[in-house]
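Each chain gets a letter, A, B and so on, in the order the sequences are listed, and its residues count up from 1.
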Amino acid sequence: GAVVSQHPSRVICKSGTSVKIECRSLDFQATTMFWYRQFPKQSLMLMATSNEGSKATYEQGVEKDKFLINHASLTLSTLTVTSAHPEDSSFYICSANLPSGGVSTDTQYFGPGTRLTVL
Amino acid sequence: EDKVVQSPLSLVVHEGDTVTLNCSYEVTNFRSLLWYKQEKKAPTFLFMLTSSGIEKKSGRLSSILDKKELFSILNITATQTGDSAIYLCAGSPYNTDKLIFGTGTRLQVFP
């Protein structure tokens, strides 16, 4: 199966700082990547769709200025949580669609996730 | 509004039991349904189902889709403690690459 990596796996930061999370597709090119957050014992909540070379598409209720997404290459998308606060503490997961024959398929492969704790 | 509903929310069984997890969906322009297993980290892919009535199998896990009744089931036979996880199903529409996730079923298998 396809491999998606995330870095860092865990981050603890002080309130008010910004945190950058990287998501990489290791053995395939991904024109589209997705960012989710997951609270304890809850399902995945889609935050935004990251499109290579263009602006991300955010889901309703997700602040664009707070969660900055950059998809600068076909293998890398970054999520920056700006001025993080304790309520931003969560598990952040990225995913990418595995392409087939140059076309994006509907099978998403997930990175291992980043656990963010804001003190 | 598109939605995916899973049941039960939680299930506790003993090793060796067989379990059936349910997933019903209402997805406009439905393309496929996917099952994932999530342990401590991110979800890992199990199955993608696009056609009705064709069972997909992987070891002790199997899944089938009913596009007429809009549901899917995931069966796990002879459960093991390593099967303990949250099982997520997600609907995939044609007009977007987004997945619509259900709330998941938390399965706990005790020895």
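Of the listed residues B:K40, B:K41, B:Q6, the one with more heavy-atom pairs under 4.5 angstrom with chain A than any other is B:K41.
In terms of modelled atom types and a separation under 3.5 Å, the side chain of B:Y36 and the main chain of A:Q108 share a donor-acceptor contact. A side-chain donor-acceptor contact under 3.5 Å links A:S43 to the backbone of B:G102.
When the side chains of ILVMFWY residues are joined at heavy-atom separations under 4.5 Å, either directly or via intervening members, A:L68 and A:L46 end up in two distinct hydrophobic clusters. Under the 4.5 Å side-chain heavy-atom criterion for Ile, Leu, Val, Met, Phe, Trp and Tyr, A:L79 and A:L116 are members of the same hydrophobic cluster.
Only the side chain of A:Q38 comes within contact range of chain B, with heavy atoms under 4.5 Å apart.
Closest heavy-atom contact between B:A42 and A:G113: CB-N, 4.2 Å. When every heavy atom of B:Q38 is checked against every heavy atom of A:F91, the shortest pair comes out as NE2-CE2, 4.2 Å.
A:N97 contributes atom CG, which lies 7.0 Å from atom CG of B:L99 (distance to the nearest 0.5 angstrom). Interatomic distance, OG1 of A:T49 versus CG of B:D97, reported as 8.0 Å (0.5 Å rounding).
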Given side chain to side chain contact (heavy atoms under 4.5 Å, CB included), test B:T103 with A:Q42 step by step and report yes or no. CA-CA 6 Å; B:T103 50; A:Q42 292 188 25; over 6 Å; no
Decide ring-ring contact (aromatic ring centres under 6.0 Å, His included) for A:F110 and B:F45; before the verdict, give the C-alpha distance in whole Å, the side-chain angles of both, and the deciding distance to 0.1 Å. CA-CA 8 Å; A:F110 288 84; B:F45 173 76; 9.8 Å; no
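For A:D65, the CG atom is loosely surrounded, since the number of other residues' heavy atoms within 6.0 Å does not exceed 12.
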